[in-house]
Amino acid sequence: MTQTIEVGMLGLGTVGSGVVARLTRAATKIEQTQGLRLHLATVAVHHLRAPRAVQLPVGTRLTDDWQQVVTDPRIQLVIEVMGTIATAKAAIIAALTHGKSVVTANKDLMATNGEQLIALAQRQGCDLFYEASVAGGIPILRTLTDSYATDQVQRVAGIINGTANYILTAMTSQGQSYQTALTAAQQAGYAEADPTNDVTGLDTAYKLVDCKFNPNFWTNCSA
Ligand SMILES: NC(=O)C1=CN([C@@H]2O[C@H](COP(=O)(O)OP(=O)(O)OC[C@H]3O[C@@H](n4cnc5c(N)ncnc54)[C@H](OP(=O)(O)O)[C@@H]3O)[C@@H](O)[C@H]2O)C=CC1
Ligand SMILES: N[C@@H](CC=O)C(=O)O
């Protein structure tokens with residue numbers, strides 16, 4: 001039998017639009033394989049009238065008040081994809097306090113406040129998933145937990161920041177200027193709205209710090 005989960009989402013930018021597109025495209029598959037229907041009840045944004053990259057499903061409500069999402073008794077699962085630290089932290093704390101499970105892509109928040117949020121989720125008996133915050137397309141966090149449960153990870157190698165990789169490739173193989181390459185990376189959605197963390201290495205550091213919550217990973221790093 002199919003169970004319906006009422007979902008609220010905070011943010012409808014690069015990642016949020018991808019979530020809507022994916023949920024719409026894969027709805028039947030999710031239902032068939034998981035026995036779940038994820039109903040996107042409400043989405044919170046900053047600018048109600050801004051143009052959107054995706055069309056919301058019929059019946060999904062758009063609001064500019066994130067509190068309406070995290071306090072709505074009908075909503076069971078909150079997806080946080082609005083970014084930044086302070087507001088997202090307040091929203092996730094409110095969602096968990098109201099007994100909702102949370103999925104977040106917010107590596108900055110998890111790296112700086114992850115311990116507190118994970119502890120709150122445990123106390124509340126809720127799930128807090130953050131696979132999307134680190135190499136979500138691979139994915140790696142759950143793989144480390146489940147598939148390498150008896151291993152101790154010694155070293156990680158790879159391209160950890162897509163923006164830096166994109167910029168360096170464009171500059172070296174196409175002779176683009178730094179600014180042209182950065183603008184293209186922003187337009188393509190690799191770089192964050194504020195690309196400072198991408199180009200200074202902080203984004204990479206945050207992703208590695210996020211891995212530390214994994215029991216098989218090193219534990220002596222902090223944000
Ligand atoms: N971009 C990427 O490739 C990846 C990003 N991430 C992480 O995902 C998160 C989202 O990133 P991204 O999608 O790129 O960000 P965007 O800047 O594209 O989108 C942010 C969204 O949040 C909304 N928003 C901002 N402030 C508020 C607020 N106070 N109340 C309600 N809505 C708000 C914005 O509304 P409006 O549109 O109206 O302005 C916008 O829709 C970040 O934590 C980022 O680090 C993780 C992996 C990859
Ligand atoms: N801005 C990030 C996006 C994914 O985390 C990057 O460039 O890697």
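Both counts, for ligands and for their atoms, begin at 1 and track the order of listing.
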Side-chain donor or acceptor of Ser101 paired with backbone N/O of Leu77 under 3.5 Å: no
The closest protein heavy-atom partner of atom 20 (C) of ligand 1 is Met82 O, 3.7 Å
Please list the nearest protein heavy atom to atom 29 (N) of ligand 1 with its residue and the distance rounded to 0.1 Å. Thr87 CG2, 4.0 Å
Flag the pair Leu141 / Tyr130 as yes when at least one side-chain heavy-atom distance between them is below 4.5 Å, and no otherwise. yes
Taking heavy atoms and a distance under 4.0 Å, where does Asp198 meet ligand 2: side chain, backbone, both or neither? side chain
Look at atom 48 (C) of ligand 1 and find which of Leu12, Val15, Asp198 reaches it with the closest heavy atom. Val15
If you count the atoms of ligand 1 from 1 in the order shown, which ones are under 4.0 Å from a heavy atom of His47? 36 (P), 38 (O), 39 (O)
Main chain of Arg142, side chain of Glu131: is a donor-acceptor contact present, judged purely on distance under 3.5 Å? yes
Among protein heavy atoms, which lies nearest atom 23 (C) of ligand 1, and at what distance? Gly11 CA, 3.8 Å
In the protein, what heavy atom is nearest to atom 33 (C) of ligand 1, and what distance, to one decimal place, separates them? His46 N, 3.6 Å
Quick check against the 3.5 Å criterion: does Thr112 have a side-chain atom that pairs as donor or acceptor with the backbone of Leu109? yes
Side chain, backbone, both or neither: the part of Arg52 lying under 4.0 Å from ligand 1 by heavy atom: side chain
Neighbour count >12 (heavy atoms, 6.0 Å) for atom CD1, Ile159: no
Check whether any side-chain N or O of Asn106 sits under 3.5 Å from a backbone N or O of Thr84 as a donor-acceptor pair, and report yes or no. yes
From CA spacing to verdict: side-chain contact (heavy atoms from CB on, under 4.5 Å), Cys211, Val134: CA-CA 8 Å; Cys211 292; Val134 184; 4.1 Å; yes
Is the shortest side-chain N to carboxylate O distance from Glu6 to Lys100 below 4.0 Å? no
At a 4.0 Å threshold, what atoms of ligand 2 neighbour a non-hydrogen atom of Glu192? 1 (N), 2 (C), 3 (C)
Leu10 near ligand 1 by a heavy-atom separation under 4.0 Å: no
Ligand 1 N/O within reach of Gly13 N/O, cut-off under 3.5 Å: yes
Does Thr84 reach ligand 1 with a nitrogen or oxygen that is under 3.5 Å from one of the ligand's nitrogen or oxygen atoms? no
Closer than 3.5 angstrom, by distance alone: can the side chain of Thr60 be matched with the main-chain N or O of Leu40 as a donor-acceptor pair? yes
pair Ile5-Arg37: side-chain heavy atoms closer than 4.5 Å: no
Which residue and non-hydrogen atom of the protein lie closest to atom 43 (O) of ligand 1, and at what distance in Å? Gly83 CA, 3.3 Å
Short side-chain to backbone donor-acceptor contact, Gln32 and Gly35, under 3.5 Å: no
Does the protein come close to atom 15 (O) of ligand 1 - that is, does one of its heavy atoms sit below 4.0 Å from that atom? no
Which atoms of ligand 1 sit under 4.0 Å from any heavy atom of Gly189? 1 (N), 2 (C), 3 (O)
Atom 7 (O) of ligand 2: which protein heavy atom is closest, and how many Å away? Thr163 OG1, 2.6 Å
N or O pair under 3.5 Å between Lys107 and ligand 2: yes
Among non-hydrogen protein atoms, atom 8 (O) of ligand 2 lies closest to Gly162 N, 2.7 Å
re atom 3 (C) of ligand 2, the protein heavy-atom contact at minimum distance is Tyr190 O, 3.4 Å
Shortest protein heavy-atom distance from atom 10 (C) of ligand 1, along with the residue and atom involved: Val81 O, 3.4 Å
Which of the numbered atoms in ligand 1 are under 4.0 angstrom from any heavy atom belonging to Trp66? 30 (N)
Give the residue, atom name and distance (to 0.1 Å) of the protein heavy atom nearest atom 17 (O) of ligand 1. Ala193 CB, 3.9 Å
Please state which part of Ala132 comes within less than 4.0 Å of ligand 1, counting heavy atoms only: side chain, backbone, both or neither. backbone
Please step through side chain to side chain donor-acceptor pair (under 3.5 Å) for the pair Asn214 and Thr145, ending with a clear verdict. CA-CA 6 Å; Asn214 188 290; Thr145 307; 2.6 Å; yes
Close side-chain approach of Met9 and Met82, heavy atoms under 4.5 Å: no
Any sub-3.5 Å donor-acceptor pair from Asp198's side-chain atoms to Asn161's backbone N or O? no
Test of proximity, Glu192 against ligand 1: N or O pairs below 3.5 Å: yes
Starting from the C-alpha separation in whole Å, work towards a yes-or-no answer on side chain to side chain donor-acceptor pair (under 3.5 Å) for Thr183 and Thr180. CA-CA 5 Å; Thr183 303; Thr180 302; over 6 Å; no
Using modelled atom types only, decide if a donor and an acceptor are shared between the side chain of Gln176 and the backbone of Ala170 within a distance under 3.5 Å. no
Enumerated ligand 2 atoms positioned under 4.0 Å from heavy atoms of Lys207: 2 (C), 4 (C), 5 (O), 6 (C), 8 (O)
State if Ala50 counts as touching ligand 1 under the rule of any non-hydrogen atom under 4.0 Å. no
Answer yes or no: does an N/O atom from Thr14 fall short of 3.5 Å to an N/O atom of ligand 1? yes
Closest approach of any protein heavy atom to atom 46 (C) of ligand 1, naming residue and atom: Ala105 O, 3.4 Å
